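In what follows, a single structure is set out as structure tokens and then discussed.
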Amino acid sequence: MALRIYNTLSRRKEDFVPVKQGKVGMYSCGPTVYDYFHIGNARAFVVPDVIRRYLQYRGYEVTLVQNITDIDDKIIRRAAERGVTTNDVVSQYTQAFIDDRDALGIKAPDIQPRATDHVAGMIEMISGLIDKGLAYERNGDVYYDVSQFDEYGRLSNQNIDDLVAGARVDVGESKDDALDFTLWKAAKPGEPSWQSPWGPGRPGWHIECSVMSTKYLGATFDIHTGGVDLVFPHHENEVAQSHGANGTPPVKYWAHNGFINIDGQRMGKSLGNFRTVRDILKQYPGKVVRYFLISNHYRKPINFSDEELRMCAKALGRLEDAVSNALFALGIGAGAGPDPELAVWDQVRRLAASGEAGRADSESAAGRLDAAIAAARAQFEESMDDDFNTAGAIAALHELATAINTFVNQDMQGQREVAEAERSAAARAVLTMMELGDVVGIIEPGFMEAQRAGGARAEQDGEGGESGIGTDRLIQLLLDVRAEVRAAKLYQVSDMIRDRLGELGVVVEDTRDGARWKLVGK
RNA sequence: GGCGACAUAGCCAAGUGGUAAGGCAGCGGUCUGCAAAACCGCGAUUCCCCGGUUCAAAUCCGGGUGUCGCCUCCA
């Protein structure tokens, strides 16, 4: 089945056919770096990340460009409030953006251009628009002449007359028409400015995206993402500029994500009801926040609440537990397993490859698990093919988790001998969970890499930590002692060990094959 | 005023013509010394309301109600 994308331009789902076969050019509207970004902004950054990952999974070579807007009214205002330079503001929040982005598991774009590095290109494009008679200069400002572009309003599905009725003209502007928008602003005293044919000034809001997308992706590229609120005027104007300058429609598919509401109201900086990602990350790991963001379809509004995040944390934990349950049953972990020298995932991969999916007869446990794996993958792909339906894709992962847990419980745990075919199938199930979980970015290989036979571990203690002994080994020692006292039915002692470890964040779970542990908390 | 989105169990949520995925919470059961984890079972005769089309509609059409958004800086 073909991949389908909802296109704002046509207001319907369309089959995805890239401009160049096998390649995809994407442009994502990035941050204006004047503050920490909030959970609503985060959605606009996670959505293109998921689209990109899925397109790559589908075999496309993707180039993702995301701008950083580092010159704008809000930045200038923020710098003035604080008595610092705009550069100070920009560098502080650019770094904050990168940190928070990383915490959410959003991969860096291939190209992350900054507006101020492209002023020359903007001046060039504006000059070109003036030369073509599509733009005009007034007192050092330059405006785009909307009346010259007969498709204006198409993206936002507005007709010109209605737009005119709602348009506002700021004091001091001298536009010929209320709809005309600014390409270049004459500098006011004390503002950062660049020299231009129209005098010192700075670029308007929209022009940077036209210039940078054209430069890095060409006159026509495949997918442009952003929040729904950018449809008008930002993207409408972007289309007008780019089309005017390049003579061709700039974007094939426009994908706009819905808002995040809080208490049923739109979350917005101007309303003051926003929650920054930085703040939320103090309570929940980034992967939980990410799970929350993709638990609904990207075009639908989501309501933000702590209850919702708690539910997501539980649900995600279930997926992760299925993986660690299986690894425990397989006896695979760093420094453990049949070949302790191999890293965890190499062991899993080797084991998975040792059998052949589909070979086992469908009456066998291994055969049933392989069938469940195939079904989960099919459901995952079908959902993602349908306009990146991540909610359906996550449901597929949960079905896979159930299959893994059932298999581990019934067919592996407590069995004297587990056939190689079954071990191999379990390894394939784990690898599939990891692979698909990584496509939507909620199960991080780096995190799961830390899984080991005894449970999950913190990253730091690999070879013994400061004491030179190793937390893992100490925990294992305690668990060995506990196994002895349990065998002697000294349950007060064994429970104390479990409770005290629990206070340290080490959760101990007894199974038929012995105790396993994992770290909880962050 | 113009444009648009959404309305599915206690909560979150998928599902665009064929008889309601998945998660969280709850209840019952299995397993366990206990706990945890896990699995199984139970839960919407029904998808905001009213009409209509159809052998068949949560899904299509008409009307209504409610919530939210864009039209102005805003993901």
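Atom set for the values below is all heavy atoms of this structure, side chains included, hydrogens, waters and symmetry mates excluded. Just so we're clear, the structure is a prediction, and the values are computed from it rather than from any experiment. To find a chain, count down the sequence lines: A is the first, B the second, and so on, and within it residues start at 1.
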Short side-chain N/O contact from A/N389 to OP1 or OP2 of B/A14, under 4.0 Å = no

Separation of atom CG in A/N273 from atom C1' in B/C68, rounded to whole Å | 13 Å

Under 4.0 Å between any heavy atoms, over every strand shown, what does A/V508 touch: base, sugar-phosphate, or nothing? Just pick one.
-> base

Can you tell me the distance, in whole Å, between the CZ atom of A/R266 and the C1' atom of B/G4?
-> 15 Å

Could a donor-acceptor pair under 3.5 angstrom be found where the side chain of A/R498 meets the base of B/C34?
-> yes

Identify whether any heavy atom of A/N157 sits under 4.0 Å from a base atom; if not, whether one sits that close to sugar-phosphate; answer base, sugar-phosphate or nothing.
-> sugar-phosphate

Send over the distance from A/D385 CG to B/A14 P, rounded to a whole Å.
-> 18 Å

Pick base, sugar-phosphate or nothing for A/G40, based on heavy-atom distances below 4.0 Å to the nucleic acid.
-> base

With a non-hydrogen cut-off below 4.0 angstrom, is A/N296 in contact with a base, only sugar-phosphate, or nothing?
-> sugar-phosphate

Determine the contact category for A/F232: base if any of its heavy atoms lies under 4.0 Å from a base atom, sugar-phosphate if only primed atoms, P, OP1 or OP2 are that close, otherwise nothing.
-> sugar-phosphate

Side-chain donor/acceptor contact of A/R11 with base of B/G4 under 3.5 Å | no

Can you tell me how far P of B/G69 sits from CD1 of A/I262, to the nearest Å?
-> 13 Å

In terms of side-chain heavy atoms, does A/D480 have a donor or acceptor partner in A/Q476 at a distance below 3.5 Å?
-> yes

Grab the CG-P distance between A/D306 and B/C12 for me, whole Å please.
-> 15 Å

Under-3.5 Å donor-acceptor pair between A/N303 side chain and B/C12 base | no

Quick tally for nucleotides 16-27 of chain B: nucleotides whose base has a protein heavy atom under 4.0 Å get B, sugar-phosphate-only ones S, the rest -, giving -----BSBSS--

Across the strands shown, which category fits A/E509 at heavy-atom distances under 4.0 angstrom: base, sugar-phosphate, nothing?
-> base

Which value, in whole Å, describes the distance between the C1' atoms of nucleotides B/C68 and B/C61?
-> 25 Å

Integer-rounded Å distance: B/G4 P and A/E236 CD = 14 Å

Could you give the distance separating B/U32 and B/G26 at their C1' atoms, to the nearest angstrom?
-> 22 Å

Provide the distance between the two P atoms, one in B/G64 and one in B/G28, to the nearest whole Å.
-> 48 Å

Pick base, sugar-phosphate or nothing for A/H38, based on heavy-atom distances below 4.0 Å to the nucleic acid.
-> base

Nearest listed nucleotide, side chain of A/P233, among B/C73, B/C39, B/A14 | B/C73

What integer number of Å spans the C1' atoms of B/G2 and B/G43?
-> 45 Å

Establish whether the base of B/G33 is bridged to the side chain of A/D495 by a donor-acceptor pair shorter than 3.5 Å.
-> yes

May A/F259 be described as stacking on the base of B/A75, applying a 5.5 Å centroid limit and a 30° limit on plane angle?
-> no

Atom CG of A/D510 to atom P of B/A38: distance rounded to whole Å?
-> 15 Å

Take the protein atom CG of A/D49 and the nucleotide atom C1' of B/A75, then report the distance between them rounded to whole Å.
-> 15 Å

A/K74 side chain: which of B/A37, B/C73, B/C39 is closest?
-> B/C73

Apply the ring pair (Phe, Tyr, Trp, His ring centres under 6.0 Å) test between A/H206 and each candidate in A/W184, A/Y144, A/F181, A/F232; give the one that qualifies.
-> A/F181

A/F45 and A/F37: CA distance, side-chain angles, deciding distance, ring pair (Phe, Tyr, Trp, His ring centres under 6.0 Å) verdict = CA-CA 10 Å; A/F45 304 147; A/F37 69 83; 5.1 Å; yes

